[in-house]
Every structure is written in structure tokens, then in C-alpha cells.
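Because the structure is predicted, anything quoted here is derived from the model rather than measured. Counting starts at 1 for both ligands and their atoms, following the listed order.
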Amino acid sequence: MGNDQSTMVAPDELLARFDARTAAGDAIEAKDWMPDAYRKHLVRQMSQHAHSEVIGMQPEGNWVTRAPSLRAKQILLAKIQDEGGHGLYLYSAAETLGISRDEMIHQLHSGKAKYSNIFNYPTLNWADIGAIGWLVDGAAIVNQVSLQRTSYGPYSRAMVRICKEESFHQRQGYEIMTYMMRGTAEQREMAQDAMNRWWWPSLMMFGPHDGDSPHSADAFKWKIKRHTNDELRQKFIDKTVPQAELIGLKVPDADLKWNEEKQSYTYGKINWDEFHRVINGNGPCNKQRMEHHIKVHNDGAWVREAATAYKNKQNAQKTNLN
Ligand code: FAQ
């Protein structure tokens with residue numbers, strides 16, 4: 001049902017129809033009527049997702065000039081470029097909800113919009129690039145495969161495309177870790193050190209435990225989420241632990257145990273104090289990430305102005321021709 005019809009239908013009826021459509025698993029499209037709370041929920045989540053993709057380019061960008069081979073450098077550059085592209089799809093998809101990209105960026109810079117906890121940690125050695133690809137993209141895929149079936153059409157279609165690229169990213173990260181684990185004692189130590197530092201923050205990427213996740217109830221009602229934060233975290237752990245073991249990496253969790261009955265791993269306590277510190281601006285690299293984003297955004301103002309001026313000139317020429 002489009003906007004034109006919505007002006008003739010009572011609000012309760014519109015809401016009842018919307019609820020029936022989401023309950024039936026229909027995709028909601030940009031021009032469909034939707035409750036304001038649904039729109040706001042999606043703007044929050046999708047803009048945070050877009051910001052994460054773009055801010056996520058920074059820790060990896062740190063290693064472009066120091067990649068250990070030309071092959072590694074080419075792959076890393078391509079991956080970082082993909083992440084920028086994911087940000088663009090997601091900003092465009094969020095714009096269909098009536099918010100401008102400028103406003104989203106303003107919300108990021110003012111601290112109103114968050115981005116993923118994970119990108120506030122430093123990349124100290126080359127193995128960190130392996131750990132990001134393998135663990136961070138690995139966690140992102142588990143979450144995003146589920147989001148391919150999210151109820152908002154433009155978001156779910158962006159996810160389908162993004163997931164295809166993320167699976168390459170996950171493999172390039174695992175390749176780096178595998179290579180290092182077959183190398184010298186020093187290289188194995190670097191890989192294990194990266195694993196120790198990235199494992200727990202990767203588990204935090206899925207968000208708080210189900211009972212502490214304030215947005216989940218609405219997200220389920222509207223089928224924005226199809227799986228809970230804990231379900232997805234568990235899926236990631238069950239998939240990743242055997243991959244670690246296969247190449248000789250130790251998962252840094254003394255409480256990690258295979259549960260035969262559940263056919264999955266039980267795991268230790270996540271440090272939620274650290275999570276809240278990091279998402280509220282006090283992680284190791286929050287200040288650096290945001291300062292860099294603001295600087296680059298300001299430095300690039302002339303590019304946006306030039307692009308807009310060119311577009312305006314083209315439009316004026318079209319009008320004159322008509
Ligand atoms: N980081 O009630 P919930 C990638 C916040 S892409 C920061 O459970 P929800 C690719 C949450 O916003 C990674 N904040 O929230 C890549 C809320 O605070 P608010 C990004 C978090 O939305 C790889 C509060 O906690 N992926 O990595 C986080 O139902 C390599 C309560 O939480 C996405 O964004 C967190 N991890 O569930 C790129 C996926 N978790 O907003 C470059 C899409 C929770 O009220 C290099 N997002 N919070 O102030 C989602 O699926 C959901 O938003 C969740 C959180 C699951 C993240």
C-alpha cells in the first residue's frame with residue numbers, strides 16, 4: 001500500500017495492515033506506509049551499520065603501506081575498498097527512509113550514532129589484519145546472513161550483495177592466519193597474540209545478551225531481526241572454534257567446552273563493562289577514529305561541493321535544452 005492510499009485510511013487500520021504484513025513475512029518497501037518507530041529503529045540500525053563499514057576501513061588502512069608482499073597489499077586494498085562500498089550501499093538504503101547522508105554523518109560526529117565496538121581496537125601487527133578478516137568479517141557474516149531476510153526490502157537486498165563479498169574477506173583473513181601458523185615461532189606467536197586480543201571483542205559484536213538487549217523485542221515483532229544476539233554469537237563460536245583448532249590457534253577462553261548434548265560450545269563470561277566503555281566512547285581508539293573521520297570528511301568538502309556544482313550545471317543545461 002503506497003502513500004496516496006495511506007492518507008485515506010485510519011491510522012489504526014494502517015498499523016493493523018502493517019503488522020499483518022510483517023507477521024506474514026512480507027518485505028516493506030520505501031514507499032509503503034510504516035510506523036514512525038519502525039522507521040526510526042531502522043535508521044538507527046542501518047546508519048550504525050553504514051558507519052561501522054566506513055570506520056572499519058581505518059584499522060585495516062593502517063597496514064596498507066606495510067603489507068608483507070605486493071599480493072597481500074593488493075588483496076588488502078581491494079578488501080578496504082569493498083568495505084567503503086558496503087558503507088555506500090547502506091547509506092543509500094538508509095536514505096530511502098527519509099534521512100539524508102549529511103544528517104547521518106552529523107549524528108556520527110556528534111556521538112548520537114554509534115558504530116561497531118570492534119573498530120575501536122588497534123591493529124598492532126600484520127596478524128591483526130588476519131584476525132580482522134577471519135574473526136571480524138566472520139562475525140559480520142553470521143549477523144548479515146540473518147539480515148538478508150530482514151523485513152525492510154532495501155536493507156535486505158543490500159545484505160545479499162554485501163554477504164557475497166564478506167565471505168571473500170573471511171577467507172583472506174583465515175589465509176593470513178594459516179600462513180602465519182605455518183611459519184616461524186615468532187609468526188605463530190604474533191598470530192596467537194592477535195587471536196587473544198580480537199576474540200572477545202568479536203563476541204561482543206553481536207550485542208548484549210538477549211535479556212539485556214532493549215531493541216530486540218521490537219526488532220522481532222517487526223522481523224527486523226530473525227535471530228537473537230545470543231543465537232548468532234553461538235553460531236559464530238561453533239563455526240570458528242574448529243577453524244582455530246585446525247591451524248593450531250588456542251581460543252583464549254579457559255571455560256570453553258564442547259557440550260555433547262547441545263552439540264555446541266559453552267563459553268566463558270564476556271566482559272560487558274569493557275563493551276559499554278568502548279561503545280560509549282572510551283575504548284583504546286575511539287578518539288583517534290573519530291578525529292580521523294572528521295578530518296577526512298572536512299578535507300573532502302571541496303569534492304562534495306565540486307560534485308554538486310557539476311550536477312547542478314548538468315541539470316541547468318538539461319532545463320535550458322527543454
Ligand atoms: N557495537 O538492543 P541491542 C563489519 C548497542 S560490519 C556498538 O541488542 P540491536 C564489516 C546498540 O546499538 C559490523 N554498539 O541493539 C567490516 C544499542 O545502543 P543504542 C557492524 C552496539 O540494534 C569488517 C545497545 O547496544 N554490523 O564488521 C553493539 O537490537 C571489517 C543495545 O543493543 C552491524 O552493524 C556493537 N557491537 O542489536 C567492516 C550489523 N551491539 O543504538 C570493516 C547490523 C549493540 O540504543 C572491516 N546491526 N550495540 O544507542 C545489528 O544487527 C544490530 O544493531 C546489533 C545490535 C546486533 C549490532
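Residues Leu135 and Met180 do not share a hydrophobic cluster, defined by chaining ILVMFWY side chains whose heavy atoms lie under 4.5 Å apart.
Judged as a salt bridge (charged side-chain N to carboxylate O under 4.0 Å, His left out), the pairs with a partner in residues 81-103 (not counting sequence neighbours) are, in order, Lys79-Glu83.
Classification of the Phe236-Phe206 ring pair by plane angle, with boundaries at 30° and 60°, yields tilted. Taking the six-membered ring where the residue is Trp, Trp272 and Phe275 present perpendicular rings, their angle passing 60° and hence far from 30°.
With sequence neighbours excluded, no residue forms a side-chain hydrogen bond (donor to acceptor under 3.5 Å, both in side chains) with Lys235. Under the rule for a side-chain hydrogen bond (donor to acceptor under 3.5 Å, both in side chains), the partners of Tyr155 that lie at least two apart in sequence or sit in another chain are Gln45, His49.
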Ligand 1 N/O to protein N/O, distances under 3.5 Å:
unit_1   : atom_1 : unit_2 : atom_2 : d
ligand 1 : 1 (N)  : Asn117 : N      : 2.9
ligand 1 : 2 (O)  : Ser213 : OG     : 3.1
ligand 1 : 2 (O)  : Pro214 : N      : 3.2
ligand 1 : 2 (O)  : His215 : N      : 2.9
ligand 1 : 8 (O)  : Ser213 : OG     : 2.7
ligand 1 : 8 (O)  : Asn229 : ND2    : 2.9
ligand 1 : 12 (O) : Arg44  : NH1    : 3.4
ligand 1 : 12 (O) : Gln48  : OE1    : 3.0
ligand 1 : 22 (O) : Arg44  : NH1    : 3.1
ligand 1 : 22 (O) : Arg44  : NH2    : 3.0
ligand 1 : 29 (O) : Lys225 : NZ     : 2.7
ligand 1 : 36 (N) : Asn117 : OD1    : 2.9
ligand 1 : 36 (N) : Met205 : O      : 3.1
ligand 1 : 37 (O) : Lys225 : NZ     : 3.2
ligand 1 : 41 (O) : Arg44  : NH1    : 3.1
ligand 1 : 41 (O) : Gln48  : NE2    : 3.1
ligand 1 : 45 (O) : His215 : NE2    : 2.6
ligand 1 : 49 (O) : Lys114 : NZ     : 2.5
ligand 1 : 51 (O) : Asn143 : ND2    : 3.0

